[in-house]
Number of protein chains: 4
Amino acid sequence: MPNLDDVVREIADEMRQRTDRGAVASYIPELARVDPGAFGLAVIDADGRAAVGGDADVPFSIQSISKVFTLTLALGMVGDRLWRRVGREPSGSPFNSIVQLERESGVPRNPFINAGAIAVTDLILSRHQPREALGEILRFMQFLAQDSSIVIDEAVAASEQRTGFRNAALANYMRSFGVIDGPVEYTLGVYYHHCAIAMTCRQLATAGRFLAHSGRDPSTGHLVVQAERAKRINAVMLTCGHYDGSGEFAYRVGLPGKSGVGGGILAVAPGRASIAVWSPGLDAAGNSHLGRIALEALTRRMGWSIFGG
Amino acid sequence: MPNLDDVVREIADEMRQRTDRGAVASYIPELARVDPGAFGLAVIDADGRAAVGGDADVPFSIQSISKVFTLTLALGMVGDRLWRRVGREPSGSPFNSIVQLERESGVPRNPFINAGAIAVTDLILSRHQPREALGEILRFMQFLAQDSSIVIDEAVAASEQRTGFRNAALANYMRSFGVIDGPVEYTLGVYYHHCAIAMTCRQLATAGRFLAHSGRDPSTGHLVVQAERAKRINAVMLTCGHYDGSGEFAYRVGLPGKSGVGGGILAVAPGRASIAVWSPGLDAAGNSHLGRIALEALTRRMGWSIFGG
Amino acid sequence: MPNLDDVVREIADEMRQRTDRGAVASYIPELARVDPGAFGLAVIDADGRAAVGGDADVPFSIQSISKVFTLTLALGMVGDRLWRRVGREPSGSPFNSIVQLERESGVPRNPFINAGAIAVTDLILSRHQPREALGEILRFMQFLAQDSSIVIDEAVAASEQRTGFRNAALANYMRSFGVIDGPVEYTLGVYYHHCAIAMTCRQLATAGRFLAHSGRDPSTGHLVVQAERAKRINAVMLTCGHYDGSGEFAYRVGLPGKSGVGGGILAVAPGRASIAVWSPGLDAAGNSHLGRIALEALTRRMGWSIFGG
Amino acid sequence: MPNLDDVVREIADEMRQRTDRGAVASYIPELARVDPGAFGLAVIDADGRAAVGGDADVPFSIQSISKVFTLTLALGMVGDRLWRRVGREPSGSPFNSIVQLERESGVPRNPFINAGAIAVTDLILSRHQPREALGEILRFMQFLAQDSSIVIDEAVAASEQRTGFRNAALANYMRSFGVIDGPVEYTLGVYYHHCAIAMTCRQLATAGRFLAHSGRDPSTGHLVVQAERAKRINAVMLTCGHYDGSGEFAYRVGLPGKSGVGGGILAVAPGRASIAVWSPGLDAAGNSHLGRIALEALTRRMGWSIFGG
C-alpha cells in the first residue's frame, strides 16, 4: 500500500504542471474571477490524519456540493417523505434541464440536479423562516467542518440571484405542479446562499467524514445520520452526483462524489477516507476537469475504488 | 458477521412467503409461460464456496444479463475503441427508448440499454460471422460458468425475433447513423440468441466471479480481463445495470448488478462474492421485484454494500 | 347561397340544445365561475352588417385572443425584427410547454403559444413603461372594436397573476436566454392584464375586421396594417392559432382563427367576414368545444372554407 | 389582374438568374445526381389552360408529393377510419423524427411526415398485395395526370431501399405498437416505389386539379373525391405539407402545398389553379428553396393567397 502523504503530494505536483484545465464557469459573474491555476487536495483518513496538497487551505465557493449537506439536513427533518418530492434516479440530462420536469409532472429526478436541490431547500423552508433556515444550514456546515469561521460569500449569492433566471424557471415550474410550496423567491434566496458557502478543501473533507464512516464523525463520535442513511446518500452521490457525467465519474474514479460549479468535488471512500479536491476549470458536463483526473489518480494508486481494487 | 448459509436460507424462506411478486414479462410470449412463484438465490464467496437457496439449480432465460458478458467479450476484441460507439452514462429513460438516440446522433447512452447492447453485438460481428460469433459467446459463458451443458433456448430466441419490432427499430435507427455497420438482421439474430441463453443461479454466480475478483476467476486463476477493466465494468453495472431503476437499485442494494427481463439479476460484491438471484415477476422499471428485495436483504445482513457497511 | 342571418340563428339554436360542452377552464380560479351554458356568435360581413345569435352581447374574458392584437401592435412597432425573437411554426405541443424552449435556445415557436405571446409583450415593453403599454393595448382594442367602454377585468388579471407559476417559468426561462429583456414581473403583469380584457362577440368580430379585409377596417377606411401583413397574420393564425389543435381546426373549420381559454374564438373569412364565437367549455387541446363545432357548421353552410367551398 | 402567362414567364426568368439554390438532397444517392440548375413551373387554371416556364416538361422524382395521392387513395378505401392510425396535427419536428412516435404510442402526427405516409401505405396494403397496390397507385397517378406514360424510376426506388434505415426504424417502431399491421418490408417496398414515381411539372399540376376544384377534375368532370374531402386534404397540406417549414410556407406563400425531397412542390389555389414547381436545391427544412420563392412570387403577383389578396 503506497503512502498516502506521498501520493497526495505527487498528485498535487502533477496537476500543477498540467495545462489542460477546462474552462472556469462564466455564467455566474462573480465565480468567473477565480484563479484558473488554483489546485487543492485534502484527504482525511479513518484515523483523522489529513494529507493535503496545493491550495488545500484556500476557500472556494462550494456551490452544488452544498446539496449533499442540505439533503442530509432535510432527511433529518422530514425523513423518507422527502422522496415524495424528489426522485433518486440519474437524469440523463444537463444539470439545469427543464425537459425532464415537464415529462414527469414537475418531480425532479434526484436531489443533486438544480431542480431537485431547490425542492430540497423548499422542504427545509417548510420548517423554518428563510433567515433561520440559512442559519441552520450554515451552522450545520460549521459543526461538521469543526470550524465556526465558515461564511457565506454574499457577493457570490447576490451575483447568482441577479442572473439566475433559469433556476427561477425551474422553481416556478415545480411550484406550478405543487412540488414546491413556499414563495419561490424565498426558496431561491436560501438556495443561492447555501450554494455560496465558501470552504477550503480541508474543511470540506472534514465535513464529509460522516459519509465515509457509517454516518458518524469518528473524531467526535457524533452520529450525524443513521448508518443506513449515510450509505444511501453515498449511493445517490455515485449515481447522480456529477450530473450527466456521473457515469464517467463512476467509471474513472469509482467513488461516490459531488461536484460544484466552483470547481470543487467532495468524494467518499467508505471506511477509508473523506476527500476534497478543487480546480476551477470545468469539463463539458460542468464538473472540475483536473479534480476528476486527480481523484482518478488517487483511487488508482491507493486502490480505493468501491468497484474493486 | 452473520453466517452466509443461514442468511441465504432465511432470505429464500422469506421470499417464498411473499405474495407481492410483480408481473412476469408478457411481451416475449415464450417468457410469459414461466412459473411466477419460482425463486432462486446463489452466492459464491471469495473462497469458492456456494450458498444456495430455492430454485438455484433451475435454468431460466438470462436475457439482458448476457449483456455483461458480451460487453466483456467485445472489450477484449476491440478494446476501448468500443466507447466510440456506445456511451457509459445512465439513460434516464426506459430500456427500449429511442428518443435518446435521436437526440444524440444514434449513439446509445450505455451498453446495457437495448440499443447499446445491440451496438456491442454488432462490434462482435465485425470480427466474426453470425454463427461463429454466437458460438464464441456461448463458449465464453460455458467457460466462465465451468459448465459445457449451457445452451441457448431456441424457442425463446425465435419468439423474440418474431415480435422484436422495437429492437428492429433501434437497430435500423443506429444503422442510419453508422453506429452499427453490419446487416441489421444478422446483428439482431445474434442479439436475440445470446439473450436466450438459459442458466441457473449457480451457473450465473460462477460466471460472474471474475468481476468480484479483479478480473480473475479465483478457482482457476485465469485472468478473464485486466483488473482495471473489471472494476470499470462494475461501475457501468452500478450506474446503468437496471435501466431507469439503476438509482433505486444502488440506493437499496448498493452493489453493481445487471437485471434481465427473465427475472434474473447478477450482482457483484467486489472482493467478497458473486451473486445470482431469480424471481420472474418484474417491477415497473422491468427489473425482478423479489430479486431486488432479496439482494437488499442480503447486503444489509452481510454488510456488503459498497457504499459502507 | 344561404342567408347569413338564418344560418347564424340556426346554429345558435342548435348549440343551445347540445349537451356536450367540454369543461370550463379551472386553472384560473376567476374564469371557473362563468356560466358553462353560455353561447354567443357574431358575424360581420364585408358590408358591415352584423348577424348575431345567443349571448353575442355578453362580455367574456378574451384571454389568448388578445395575442392576435398584441402581435399586430408589436409588428407595427418593431416590424419584422419581431421574428428574431419568435418563430412562426406550429409547436406540436401544448400551449404551455417548456420542452420546445429548451430544444430551441429559448426561442418560442410562434407568437400564439404562451411563451411566444409573452415574448411579444416584452417587445412592446421595450418601447413603453408597463402602465403605458397596457394603456396602448387597451386603446387599440377599443379603437378596433369602436367601443371605448371595453375594460380589463382586474379580478381575472389578479387571479392569473397569483397562480401563473407556469408562465413565470416560461418567462424566466426565456430571460435566461436573452429572448426577453425586461424585468420578468413587468412583462408578466402586462401579459396577464391584456389577457384579461373582457369583450362581447360583437365587439370582437368588429375588432377583427381588418384581418378579413386586407388590413383595412372597411367601415372607417382606416388602414390598420399593410395588406401583406394582414395576410401573414392570418397565416400564422391558421397554422398556430389553436395550439396543438390547430391542424384539427384547419381540417374541420378551414379558417384562420385564434382561441382563448375563456372559450372565445376569433375567426377570419378573408374578403367575406369577421367572426367571433363564445362557449366556455373547452376540449382536450384547450379550445372552445362548441365554438369550433359552430364555426364548422358556419363555414360548411356558407361555403366559406379557405380550402375550397 | 396580371396576365398569368406573363407572370409565369417572368418568374421562370428570375429563378434562372438566382444563385441561391439550396443543396440537392444527398442522402438518397440516386437523387444526388440531378442537375441543381433545373427549374420548372406549371400552372393550370380553372379553365384548363396551362402556363408553363423553364423545365416544366422534364420528369423528376416526386418523392413525398406522392403522399397526397396515397392519402387520397387510402381515404377512398377505408374512409375516415384512416384517422385512427394517423393524426392530422403539425409535428413540430423534422420529417423523419422518431421522438414524436415514442411520446404518442406510435401514432404518427400526420400523413405527410415519413412515419404517417408509411402508415397510409400500410393501410393500402391491407386491401392489396404489394404488387397490386403499387399498380393501383401508379394507375391512379396516370389517370389523374391523363398520361399513361408515367413510370416509377426503379433505380431511385432501389437506392432508397438500400439506404432507408431510418424509415425502416420508423416502420418497425410503428409495427411494435400495432399502428401498422403488415410485413414491414412489404410496406417499405411499396412506399419507396411510390415515392420514386417520376413526373413533370405539367403532369403533376394536371394530377392536382381535383384538389383545386372541389374534388372534381374539371376537364373530365370526374369526381375523384367528395368536395368535403378535397377541402380537408388541402387543410392538411397547409398545416403539415412542408414538415417543420409548414408555418413558413403558409406565411410566405399562403397556399396548401406538398413538397418532395426531389425538389418538387405541388400547390393548390382553391377555385383558381393547380400549380407544380421544381427546383432540386433544398432549404434547411428539406423543402425546395427556389420552389418556395417562386410560389411566393406567384401568389403575390396573382393575388392568390388563401389568406387574403
Side-chain angles (χ1 to χ4, degrees), chain A residues 83 87-93 97 99-100 103-104 109-113 210-216 227-256 268-272 285 299-300 303-309, chain B residues 83 87-93 97 99-100 103-104 109-113 210-216 226-256 268-272 285 299-300 303 305-309:
Chain A
W83 303 113
R88 49 195 183 227
E89 289 298 334
S91 68
S93 49
S97 173
V99 166
Q100 174 262 321
R103 212 170 44 210
E104 300 181 309
R109 286 226 127 203
N110 65 63
F112 293 152
I113 51 173
F210 74 96
L211 291 170
H213 303 292
S214 304
R216 197 178 292 277
E228 188 71 14
R229 192 159 276 164
K231 194 178 78 175
R232 290 177 158 189
I233 293 171
N234 287 339
V236 181
M237 287 172 77
L238 193 291
T239 54
C240 312
H242 283 71
Y243 312 119
D244 208 18
S246 298
E248 190 67 12
F249 190 83
Y251 181 86
R252 294 201 174 277
V253 174
L255 293 182
V268 173
R272 287 162 165 157
T299 55
R300 186 183 287 125
W304 280 356
S305 166
I306 61 173
F307 297 114
Chain B
W83 303 113
R88 49 196 183 225
E89 288 298 332
S91 69
S93 50
S97 172
V99 166
Q100 174 263 321
R103 213 170 42 211
E104 300 181 309
R109 286 226 128 201
N110 65 63
F112 293 152
I113 51 173
F210 73 98
L211 291 169
H213 303 292
S214 303
R216 196 178 292 278
Q226 295 294 330
E228 188 71 14
R229 191 160 277 165
K231 194 178 79 175
R232 290 177 157 189
I233 293 171
N234 287 340
V236 181
M237 288 172 77
L238 194 289
T239 53
C240 312
H242 283 72
Y243 312 119
D244 208 19
S246 297
E248 189 66 13
F249 190 83
Y251 180 87
R252 293 198 175 279
V253 175
L255 294 182
V268 173
R272 286 161 164 159
T299 54
R300 185 182 290 124
S305 166
I306 60 173
F307 298 113

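Chain letters run A, B, ... following the sequence lines, proteins first and then strands; every chain starts at 1.
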> By a 4.5 Å heavy-atom criterion (distance strictly below it), what part of B:R272 contacts chain A: side chain, backbone, both, or neither?
Replying inline: neither

> Taking A:G87, A:P90, A:G92 one by one, which has the highest count of heavy-atom pairs under 4.5 Å against chain B?
Replying inline: A:G92

> Where do A:E89 and B:S246 come nearest, in terms of heavy atoms and distance?
Replying inline: OE1-N, 3.3 Å

> What are the two closest heavy atoms between B:A250 and A:T239, and how far apart are they?
Replying inline: CB-CG2, 3.7 Å

> Who passes side chain to side chain donor-acceptor pair (under 3.5 Å) against A:R88, sequence neighbours left out?
Replying inline: B:E248

>> Restricting to side chain to side chain donor-acceptor pair (under 3.5 Å), what partner residues turn up for B:E104, sequence neighbours left out?
In response: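 B:E104: side chain to side chain donor-acceptor pair (under 3.5 Å) contacts with B:Q100, B:R109.
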
>> Please report the interatomic distance CZ(A:R232) to CZ(B:R252), rounded to the nearest 0.5 Å.
In response: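 Here the rounded value is 5.0 Å.
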
>> With chain A as the partner, which of B:A227, B:C240, B:G245 has the greatest number of non-hydrogen pairs under 4.5 Å?
In response: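 With the most close heavy-atom pairs to chain A, the winner is B:G245.
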
> Among B:V236, B:I233, B:L238, which one satisfies side-chain contact (heavy atoms from CB on, under 4.5 Å) with A:F307?
Replying inline: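 Answer after filtering B:V236, B:I233, B:L238: B:L238.
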
